[in-house]
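What follows is a set of notes on a single structure, which appears directly below.
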Amino acid sequence: MSSFFARLKDYWVYLLICAGTMVTFVISVEIDAFDTFYEYSRAHEDWELDEIAILVLNLAFGSFVALIVRSRQLARVAGERDRAEKEAQQFAWHDPLTGLPNRRAFVDHLATLDSADGASGGVVLMLDLDRFKAVNDIHGHAYGDLVLMECAARLRAELTADDLVARLGGDEFAIALDPETTATRAESVARRLLTAISQPILVDGIRLSVGTSVGLALLTPRHKASDALQYADQALYSAKKGGRGQFAWFDAELEQEARERRALELDLKEAVANDEIAPFFQPVFDIATDRLRGFEVLARWTHATRGVVPPDLFIEIAEDVGLIAPLGWSVLRQACLVARSWDPRVRLAVNVSPTQFRDGHLVERMKEVFEETGFDPRRLEIELTETAIMSDFAMAQSTLRQLHALGVTVALDDFGAGFSSLSNLRQLPFDSIKIDGSFISDIKDRPENQRIVSGILALAHGLDLEVTAEGVETDADFDFLQSVKCEMGQGYHFARPMSGEDVAWMLETKWSSLRRMRSSSDPEQDRFSKAG
């Protein structure tokens, strides 16, 4: 019935015309308008009133037809506008790949759960996919998109109409359960999601396997829905630390960690702005000759009240809050200022984050640092991970060529830890590679790592690339690398990272000939050795 009235609303112009016509016809009949007109026109034939009447009727009919055509055009335009508005709304509030609500829609939904006294109840779940990067790297992004769509469908299948699932971006999803949901039901949903996502996905005969972890946050008057995503994300991080493929609740301990993390974020922002994150230098030695080749620059932060903040912690925070690029430039600038007066044969190796590398002004920023500090660009090597180059291969090729034009060399860092290293070595102009430290540690007792490292060295030597082994910590590690003719090494076996002042002292004394002294009898030398 409602659709009938809706159609009447669309054709009101036609109905009005028909009604008006009927009313005027009835009135004309009642007053004998036609007879009167006929008699009057016969009495005044010289006025040609009948011809005029015919003309008026034709004009009226033509106007009626034109009105119908025009109204149909307007209706069509209005319909197209409504469809465009609906499509725009769909795009603004939904993820185009999976069709799920997007982050904006999810946050707005959470806002409706807040009341004056706090949240009205319910549970928020946060999850991302494990091993998803491997799918993209090995099979390509088209297969990755299919995995995302299948996972979205599986998530929807495990939920009710009162639950909301959204794709936040990348491989991250969030779920807001029915406000009446209990903790028991939330855990049951989490278990079903873990099981559903872990089931293999078959695409074109290819068996793709991913997994997930789940973080849960219970909404209470003390925990507003507006904070729910952050709490659930903290719980997700806790679940991953405990082992993938499980779920974890946000609790008081995590809440305290979250508060401390927010405070540390503020301190980190100030520290980066004030160049309080200092460069430390870990030496790189030629394994065959014990000759000092250079230093890798590492960021170190000594907080005024917290003391030494672990690099893994503050670098992770910097990446999360968008400080990693300013941090990287600050440390590079300081390192160049410190090292410009050292022996010109001593090189610096600096990690460049994916965010820095994807900056379209990377080369210009490098030039500014060299001009400001007076550091010779031919003494600098930047280290890139595969993550930095995978998003835009053509841009990576162009940037590396421009860096080479400056005299800067480029190393592929953490080699062996990714899935596309061989292709990258073939297509990109790298000068050297660094073997990930996980392959070097205790290598004497790990035959499989010995074979991997030997294979990497054979490949690199065939491509005329130098190789640096990271994480050389023991005499046994060093002896093995020497036996397979690895060119360079760094790690606690040689020396710990040290400040610029300590490097200057060592270059004036123990390393004045740019060679390592193997004797550990000197306590000053021991300060920087593996026992330091």
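None of the values given here were measured: they were computed from a predicted structure. Keep in mind that the numbers below use all heavy atoms, side chains included, and drop hydrogens, waters and symmetry copies.
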Legend entry - Asp413 and Glu470: CA distance, side-chain angles, deciding distance, side chain to side chain contact (heavy atoms under 4.5 Å, CB included) verdict: CA-CA 10 Å; Asp413 200 9; Glu470 299 178 300; 3.4 Å; yes

Legend entry - Contact check, side chains of Ile317 and Leu323, non-hydrogen atoms, under 4.5 Å: no

Inset, instruction - Enter the distance from Thr355:OG1 to Asp359:CG here, rounded to the nearest 0.5 Å. - result: 9.5 Å

Legend entry - Side-chain (Arg154) to main-chain (Ala196) donor-acceptor, under 3.5 angstrom: yes

Inset, instruction - Provide the closest heavy-atom pair for Ala318 versus Leu268 in the form atom of the first, atom of the second, distance. - result: N-CD2, 3.8 Å

Legend entry - Closest approach of Asp431 to His404 (non-hydrogen atoms, all atoms of both residues): OD2-NE2, 2.8 Å

Inset, instruction - Could you please spell out the steps behind the side chain to side chain contact (heavy atoms under 4.5 Å, CB included) verdict for Leu313 and Leu264? - result: CA-CA 10 Å; Leu313 176 58; Leu264 198 58; 3.7 Å; yes

Inset, instruction - Could you tell me whether the side chain of Asn274 and the main chain of Glu276 form a donor-acceptor pair under 3.5 Å? - result: no

Inset, instruction - Check the surroundings of atom NZ in Lys240: do more than 12 heavy atoms from other residues, nucleotides or ligands lie under 6.0 Å from it? - result: yes

Legend entry - Minimum-distance pair of heavy atoms, taken over all atoms of Asn136 and Gly144: OD1-CA, 3.4 Å

Legend entry - Asp163 side chain vs Thr160 backbone, donor-acceptor pair below 3.5 Å: yes

Legend entry - Side-chain touch Leu155/Ile197, heavy atoms, less than 4.5 angstrom: yes

Legend entry - Shortest non-hydrogen contact from Ala176 toward His109: CB-CD2, 3.8 Å

Legend entry - N/O donor-acceptor pair under 3.5 Å between Thr181 side chain and Asp178 backbone: yes

Inset, instruction - Would you kindly say whether Gln199 and Thr195 are connected by a side-chain donor-acceptor distance under 3.5 Å? - result: no

Legend entry - Phe132 backbone acceptor or donor facing Asp171 side chain under 3.5 Å: no

Legend entry - Short side-chain to backbone donor-acceptor contact, Asp233 and Leu229, under 3.5 Å: no

Legend entry - Side-chain (Asp442) to main-chain (Asp445) donor-acceptor, under 3.5 angstrom: no

Legend entry - Leu208 side chain reached by Glu150 side chain, heavy atoms, under 4.5 Å: no

Inset, instruction - Would you indicate whether the side-chain heavy atoms of Arg167 and Leu148 approach each other to under 4.5 Å? - result: yes

Legend entry - Flag for Lys444-Gln450: side-chain donor and acceptor within less than 3.5 Å: no

Inset, instruction - Give, for atom OG of Ser353 and atom CG of Leu384, the distance between the pair rounded to the nearest 0.5 Å. - result: 9.5 Å

Inset, instruction - Using distance alone, with no hydrogens and no angle criterion, decide if Asp204 and Tyr143 have a side-chain donor and acceptor under 3.5 Å apart. - result: yes

Legend entry - Approximate separation, where rounding is to 0.5 Å, of Ile440 CD1 and His493 NE2: 13.0 Å

Inset, instruction - Please report the closest heavy-atom contact between Ala217 and Ala232, naming both atoms and the distance. - result: CB-N, 3.8 Å

Legend entry - Straight-line distance of Leu194 CG to Ser213 OG, nearest 0.5 Å: 7.0 Å

Inset, instruction - Using only heavy-atom distances, determine whether the side chains of Ser330 and Asp275 contain a donor-acceptor pair under 3.5 Å. - result: yes

Inset, instruction - Kindly compute the distance separating CG (Leu127) from CZ (Phe173), expressed to the nearest 0.5 Å. - result: 7.0 Å

Legend entry - Side chain proximity check, Arg300 to Val308, heavy atoms < 4.5 angstrom: no

Inset, instruction - Compare all side-chain heavy atoms of Asn102 with those of Pro96 and state whether any distance is below 4.5 angstrom. - result: no

Legend entry - CD (Glu270) with more than 12 external heavy atoms under 6.0 Å: no

Legend entry - Cation-pi, Tyr492 ring and Arg496 (6.0 angstrom, 45 degrees): yes

Legend entry - Non-hydrogen side-chain atoms of Ile175 and Val124 separated by less than 4.5 Å: no

Inset, instruction - List the atom of Asp267, the atom of Arg306, and the distance in Å for their closest heavy-atom pair. - result: OD2-NE, 3.7 Å

Inset, instruction - Would you check, one step at a time, whether the test side chain to side chain contact (heavy atoms under 4.5 Å, CB included) holds for Glu383 with Val297? - result: CA-CA 10 Å; Glu383 298 178 359; Val297 179; over 6 Å; no

Legend entry - Close side-chain approach of Phe247 and Arg191, heavy atoms under 4.5 Å: yes

Legend entry - Lys/Arg-Asp/Glu bridge criterion (N-O < 4.0 Å) met for Asp320, Arg261: yes

Inset, instruction - Determine, step by step, whether Thr409 and Phe430 satisfy the side chain to side chain contact (heavy atoms under 4.5 Å, CB included) criterion, reporting the C-alpha distance in whole Å, the side-chain angles of both residues, the deciding distance to 0.1 Å, and the verdict. - result: CA-CA 8 Å; Thr409 56; Phe430 289 107; over 6 Å; no

Legend entry - Pairwise distance CD(Glu381) to CD(Glu296) - rounded to 0.5 angstrom: 9.0 Å

